[in-house]
Protein chains: 2
Amino acid sequence: MAQAGYSQFCPVAMAAEIICTRWTLLVLRELGAGTTRFNDLRRGLPRMSPALLSQRLKELEGAGVIRRSMQVGGPGEYHLTDAGRDLIPIIEAVGAWGQRWVDPEVSLQKLDAQLLMWDMRRNLDPDPMPDRRCVIQFQYPEQPVGLRAWWIVVCPRDGVDLCSADPGHDVDLYVSADLRTMTAIWMGADTVRRAQDAGRLRLVGERGLIDDMQAWLGLSPFARPQKLAS
Amino acid sequence: MAQAGYSQFCPVAMAAEIICTRWTLLVLRELGAGTTRFNDLRRGLPRMSPALLSQRLKELEGAGVIRRSMQVGGPGEYHLTDAGRDLIPIIEAVGAWGQRWVDPEVSLQKLDAQLLMWDMRRNLDPDPMPDRRCVIQFQYPEQPVGLRAWWIVVCPRDGVDLCSADPGHDVDLYVSADLRTMTAIWMGADTVRRAQDAGRLRLVGERGLIDDMQAWLGLSPFARPQKLAS
DNA sequence: CGGGATCCGTAAAGATACTG
DNA sequence: CAGTATCTTTACGGATCCCG
């Protein structure tokens, strides 16, 4: 910290100077998942200060891991370079290690409704859903007001949208659980069926959406050995 | 920093809290290479303060990555657990990434004679050497006095020893180069033959030792896709 | 609203000295 | 040999503010 790096010629040290600084691996995880915009990165990294995110993005650009494309009239976008894409298997391996060796009781201590919803939105699979607009409301009754209710709107052509305020549409499915249960399902430590049978998860609404929920909800990309998005 | 971790349930974040703190990956690299003693770890991490090393070892023990074995009369030893051994492929992948994507001109800026000699000592292969005691003196004429001369003593049964003071034995081979050249050879960016032909490396002594130098010297474990030591 | 920059208090790391 | 103790420097967190 005090000094630039480790002063070691070893490739592990050189790479660690680039990717093992605070938050950096998570920034790369977001970029690997397809996020390109500054404020979208922020949504996936809610506790990271914008100043530090900006600094890290510059450092990664300097290291040749990402490239910043500034359109004249449009917003800037950040993309992994070839070197950056080469880091994705490493991030997947780190995630797999965490999934295997970190006690779920510890990770389920770090609940964050906004982060969970943002993550679910990204990975939600519309294919098993009816071919029309579907609105699902998630409710976490024990959460503070602003984090208690969420709407996910799936449109066949507009994709998946997340709102923390009522968008006004009719709701096709109400999902109610405590945040811990929903996170455990998302991480693969619990299932829709088991949680529903045990009363930890309540589903009210269209039968088809309920029956296929495990399918369209999916799992965190790190819950099983699976690739990150393109 | 201000807070303990990232407050994210994602396995990547959980793992990053454990292994992506400063110096930690290099501590694990040393342990993965077979080093078990505190002061030997220090030799491989010369710029890391003992206080921080001690702290990191405790953190890693708390995370279940290493185990500390305290013998009653003997010195303490640190060993990777199963979880820790599972990190070795990740460290190798990080090293491979660094070897591929970090400009050698940048890594060859971070020269360190003591670190290089310690690293060479660990990986030196006595097999291609004569079956008797061999003494090799390395000289880096441009280095400051205490780092200028090194002796490696290879004994068929006592293993490989490194001295920074003359051990008093007859020298079988004198190796003279600048530190950058020797490091480049060690990292696979140069070869004994090429450096000698170009006059960057001077070898004086027993013909057989000279001819087989590339073989017994070997390469850094990260210079090619190869396993760390047992 | 997207995309940052600035400022200040706190927490972590570096340097060095010292001890059982 | 295997660490602590101490003091200074640096980085990070959080809030606020700025600009097109």
Using whole Å, report how far CG of A:Asp40 lies from C1' of C:dG4. 15 Å
A:Leu45 atom CG is separated from D:dG14 atom C1', nearest whole Å, by 16 Å
Do A:Arg43 and A:Thr35 have a side chain donor and acceptor closer than 3.5 Å? no
Short side-chain N/O contact to D:dG13 OP1/OP2 from A:Arg22, under 4.0 Å: yes
Provide, to the nearest angstrom, the distance between the OH atom belonging to A:Tyr6 and the P atom belonging to C:dA15. 14 Å
Looking at B:Arg37, I'd like to know whether one of its side-chain N or O atoms comes within less than 4.0 Å of OP1 or OP2 on D:dA2. yes
Nearest-Å distance for atom pair CG/C1', residues B:Leu52 and D:dA2: 16 Å
Phosphate oxygens OP1/OP2 of D:dA11: is one of them under 4.0 Å from a side-chain N or O of A:Thr21? no
Quick one: does any side-chain atom of B:Gln137 pair with a main-chain N or O of B:Val171 as donor and acceptor, under 3.5 Å? no
Taking the nucleotide of DNA chain C with the nearest heavy atom to each, does B:Trp23 or A:Ser54 sit closer to the 5' end? A:Ser54
Rounded to whole Å, the CZ-P distance (B:Phe38 to D:dA2) equals 9 Å
Rounding to a whole Å, what distance do you find between B:Arg47:CZ and C:dA15:C1'? 11 Å
Out of C:dG4, C:dA15, D:dA2, whichever nucleotide has its closest atom nearest the side chain of B:Asn39: D:dA2
Whole angstrom value for the distance that separates P of C:dA12 from CG of B:Leu53: 18 Å
In terms of heavy-atom contacts, does CZ of A:Arg67 have more than 12 from other residues, nucleotides or ligands at under 6.0 Å? no
Given D:dC12, is OP1 or OP2 found less than 4.0 Å from the side-chain N or O atoms of A:Arg56? yes
May I have the distance from B:Arg42 (atom CZ) to D:dT4 (atom C1'), rounded to whole angstrom? 12 Å
Is there a side-chain polar atom (N or O) of B:Lys58 under 4.0 Å from OP1 or OP2 of D:dA2? no
So, OP1 or OP2 of C:dA12: does either fall under 4.0 Å of a side-chain N or O from B:Gln55? no
Would you say a side-chain N or O of A:Tyr78 is under 4.0 Å from OP1 or OP2 of C:dG4? yes
Please answer whether the main-chain N or O of A:Thr21 pairs with a side-chain N or O of A:Arg56 as donor and acceptor at a distance below 3.5 Å. no
Look at all strands and tell whether B:Glu77 reaches a base, only sugar-phosphate, or nothing, counting heavy atoms closer than 4.0 Å. nothing
Do B:Asp119 and B:Trp186 pair up side chain to side chain, a donor and an acceptor below 3.5 Å, judged on atom types alone? yes
Nearest-nucleotide 5' precedence on DNA chain D, B:Arg43 against A:Met48: B:Arg43
